[in-house]
Each structure stands twice: as structure tokens, then as C-alpha cells.
Amino acid sequence: MNYTVLTLFPEIIESYFSASIMAKAVERSLVRYKIVNIRDFAQDKHHSCDDAPYGGGAGMLMLAEPLALALESAGAAKKNEENRRHTPRVVYLTPSGKPFTQGLAAELAQEEEIALLCGRYEGIDQRIIDLYVDDEVSVGDYVLSSGEVAALCVIDATYRLGAGVLRSESLAEESFAGGLLEYPQWTRPEIFMGLSVPEVLLSGHHANIRKWQLEKRIEKTLAVRPELIERGLAEGIFDAGTRLLIEKVKSSVGDDRNRTDDLLNAIQAL
Ligand code: SAM
């Protein structure tokens, strides 16, 4: 995967690419990156990159000209140009974009090259969006002071899905995989501050552990993100055992906690 980040703050982006698993992925050439300092393309002697918006309103806007030159230096072509096959997919980070989800991360991870445009001030001149931007993407329903942290969210969520970065087993049961959140987990010691690791995890009975973990995924998802369950049911992504377990967990919400054996038996009887 090739990332180009267009920013007024190259140092924020550089520090991310130089640390931890990402640094190793860069070293192994699984990830390539380029940082374009938008200010290098400013046209006046003060290196200005912003000006007041037409029509008034609070704050400043990023100027179109430095942004267009910076994008073209990164190989981006205008959307109406015919030969766009080898241009990066241009993503502008903005709170008014479509939500960034695991699904969109998986889609972007398929791209050979992404250019991430980081805004600042009140955002950017609309003509840059009209001319160059393929996707306007928001990382959440809140307003950040600039786009670098949002760009790093997109980079982080996409590069780890690329071949060779992580083991595929690590990805298979993560939150959002298969439409559910992850199950809770414990590590040593067995008892910590009076709290024990659940018995089933110490049993060595792998089938029971898998079923228990699935139940916990469903419980957690129903409790904090019920819309994920409804979406998964509507899209038909759950198998029969998972659907049965969902129904049972739903109907037992509020019951006492002694239902686990019944649920496991019901699944075993399928
Ligand atoms: N005036 C803009 C609005 O109300 O939508 C907010 C501009 S914000 C202060 C400056 C920059 O931060 C934006 O241009 C964008 O690049 C970035 N940004 C802020 N919140 C974001 C979010 N939730 N997702 C993605 N980018 C965001």
C-alpha cells in the first residue's frame, strides 16, 4: 500500500510512520509513504495557505491553489481527466464526510495508492473537492482541529489489513468481523484483586470456549451496538447457530445469569 499525506504538519505524520509495527511494515516495504507539505506550494512570499471565506463567516479556509499544486505533485489528476487510472484515490478528511467504518477501511485497503488530504482552519475551498476528491471521509461525529489525526486513523485501520502485516487469525475475530464486537479477554494472573478468570476459559474444552466467546460477543454487541446485530440479521451474515444464540440472548436480557448451559445445549443440539 502506498500512502501520500498532504498536510501543513508533516512532523505529526512522520512520527507515526517511524514507530512500532508501522515502522517494521515500512522497513519490509509492505507500506510506502510520502508526506507532502502543502506550504511548499504556497504562492506568495509569506507562504500563505489560507484566506477568509467569501460571504463571511468565522475563521479561514485553505486556499485552492497550493492544494491543487500539492495534489498534482502527488500524482492526483482532476476527476474529469481521462487518464486517471494510475492516480491515487484522493480522500479528504472532513467531519461532513461519510462515516469511516471497518467496511470502508477494507475497501480502501484494496487500493494501490491513497492520497489523504488533511484540512485545517475551517476546511478547504470547495473547488478542490469538486475537482480532485474521490471520497470525503469523517472519522466520527465530532470536530477535530485538523485532519492529521483523522488521516492517521484511516492509515492505521487500512495498512493492518494489508497482506503480511498481521496474522489473518488476529483479524478474524476482531470487533466488527462477522458483524459482532469482540469478546472480553483475560491474561495472567488467574485472580487479580479478587476477580477470577471465568472457569470455562481454564477448562481446556475448546468447543465450549468458542461457544462461550460467541455468546459474549453477542451480549456485548446487543448491549452497546444493537444496530450492528440488526444490520447483520437484515444482511443475512449470521449462521443458524449465531442467530439462535442472538434470539436467546435477546429474550434472556434481564433474566438471571444462569442461562449459559441452556444456550450451549441449544447450540449443541443444532
Ligand atoms: N468547519 C468544519 C466543519 O464544521 O465541518 C470543521 C473544520 S475542522 C476545525 C479542520 C479540519 O479538521 C477539517 O478540514 C478536517 O480535515 C479535519 N477534521 C475535523 N474533524 C474531522 C472528522 N471528524 N473527521 C475527519 N476530519 C476531521
Side-chain angles (χ1 to χ4, degrees), residues 1-38 70-71 73-77 79 84-120 124 128-129 132-142 144 146-182 225 228 231 235 237:
M1 170 68 94
N2 295 295
Y3 297 99
T4 301
V5 186
L6 300 107
T7 171
L8 287 171
F9 302 99
E11 60 280 12
I12 298 177
I13 306 298
E14 186 61 57
S15 68
Y16 172 77
F17 278 99
S18 319
S20 189
I21 305 175
M22 174 54 100
K24 291 203 180 82
V26 170
E27 200 181 293
R28 293 166 60 206
S29 299
L30 297 172
V31 169
R32 292 184 183 76
Y33 73 99
K34 193 161 67 183
I35 302 175
V36 175
N37 187 342
I38 297 165
L71 281 162
S73 83
K79 287 191 277 188
R84 287 194 92 228
R85 230 171 336 139
H86 300 297
T87 65
R89 181 154 162 182
V90 177
V91 174
Y92 170 50
L93 287 313
T94 168
S96 57
K98 61 188 169 192
F100 186 54
T101 60
Q102 189 66 19
L104 183 53
E107 184 191 321
L108 292 176
Q110 304 298 317
E111 295 288 337
E112 225 166 86
E113 190 168 353
I114 302 180
L116 296 140
L117 177 53
C118 305
R120 180 73 175 171
I124 67 175
I128 293 299
I129 297 170
Y132 292 97
V133 170
D134 296 302
D135 304 85
E136 292 178 79
V137 171
S138 165
V139 296
D141 291 349
Y142 41 79
L144 302 165
S146 66
E148 286 71 21
V149 171
L152 292 179
C153 284
V154 173
I155 293 167
D156 198 294
T158 51
Y159 94 96
R160 64 196 296 284
L161 300 177
V165 178
L166 295 182
R167 286 193 315 217
S168 55
E169 313 89 77
S170 306
L171 302 173
E173 291 191 348
E174 282 189 330
S175 292
F176 308 112
L180 297 170
L181 302 179
E182 195 179 51
R225 298 291 304 277
L228 293 179
R231 193 186 311 153
E235 291 173 358
I237 62 174

Under the side chain to side chain donor-acceptor pair (under 3.5 Å) test, which residues partner [X], sequence neighbours left out?
X      : answer
Glu107 : Arg89
Asp134 : Arg84
Glu173 : Tyr183, Arg210
Arg32  : none

Exercise. Residues two or more places apart in sequence or in another chain: which of them pass side chain to side chain contact (heavy atoms under 4.5 Å, CB included) with Ile12?
Worked result: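 Per chain and number, Ile12 pairs via side chain to side chain contact (heavy atoms under 4.5 Å, CB included) with Phe9, Glu148, Leu152.
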Please round to the nearest 0.5 Å and tell me the distance separating atom [atom1] of [X] and atom [atom2] of [Y].
X      : Y      : atom1 : atom2 : result
Asn2   : Glu111 : CG    : CD    : 11.0 Å
Arg120 : Leu144 : CZ    : CG    : 10.5 Å
Thr4   : Ile114 : OG1   : CD1   : 10.0 Å
Ile35  : Tyr16  : CD1   : OH    : 12.0 Å
Leu71  : Ile128 : CG    : CD1   : 6.0 Å

Residue pair [X] / [Y], side-chain heavy-atom distance below 4.5 Å:
X      : Y      : value
Val154 : Tyr3   : no
Ile13  : Leu116 : no
Leu161 : Gln102 : yes
Phe176 : Thr101 : no
Val31  : Ile155 : no
Leu30  : Tyr159 : no

Exercise. Under the ring pair (Phe, Tyr, Trp, His ring centres under 6.0 Å) test, which residues partner Phe17, sequence neighbours left out?
Worked result: Tyr33
[atom1] ([X]) with more than 12 external heavy atoms under 6.0 Å:
X     : atom1 : value
Lys24 : NZ    : no
Glu11 : CD    : yes
Ile21 : CD1   : no

Tell me the closest heavy-atom pair linking [X] and [Y], and the distance in Å.
X      : Y      : answer
Leu181 : Arg225 : CD1-CG, 3.9 Å
Val36  : Ala70  : CG1-CB, 4.0 Å
Ala172 : Ala177 : O-CB, 3.1 Å
Leu93  : Ala150 : CG-CB, 3.8 Å
Cys118 : Ile38  : O-CD1, 4.2 Å
Ala109 : Thr158 : CB-O, 3.7 Å

For this session: Check for a donor-acceptor pair, side chain of Lys79 on one end and backbone N or O of Ile129 on the other, with a separation under 3.5 Å.
Result: yes
Problem set entry | Side-chain donor/acceptor of Ser138 to backbone N/O of Ser96, under 3.5 Å |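 No.
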Exercise. Could you walk me through whether Ser146 and Leu8 pass the side chain to side chain contact (heavy atoms under 4.5 Å, CB included) check?
Worked result: CA-CA 9 Å; Ser146 66; Leu8 287 171; over 6 Å; no
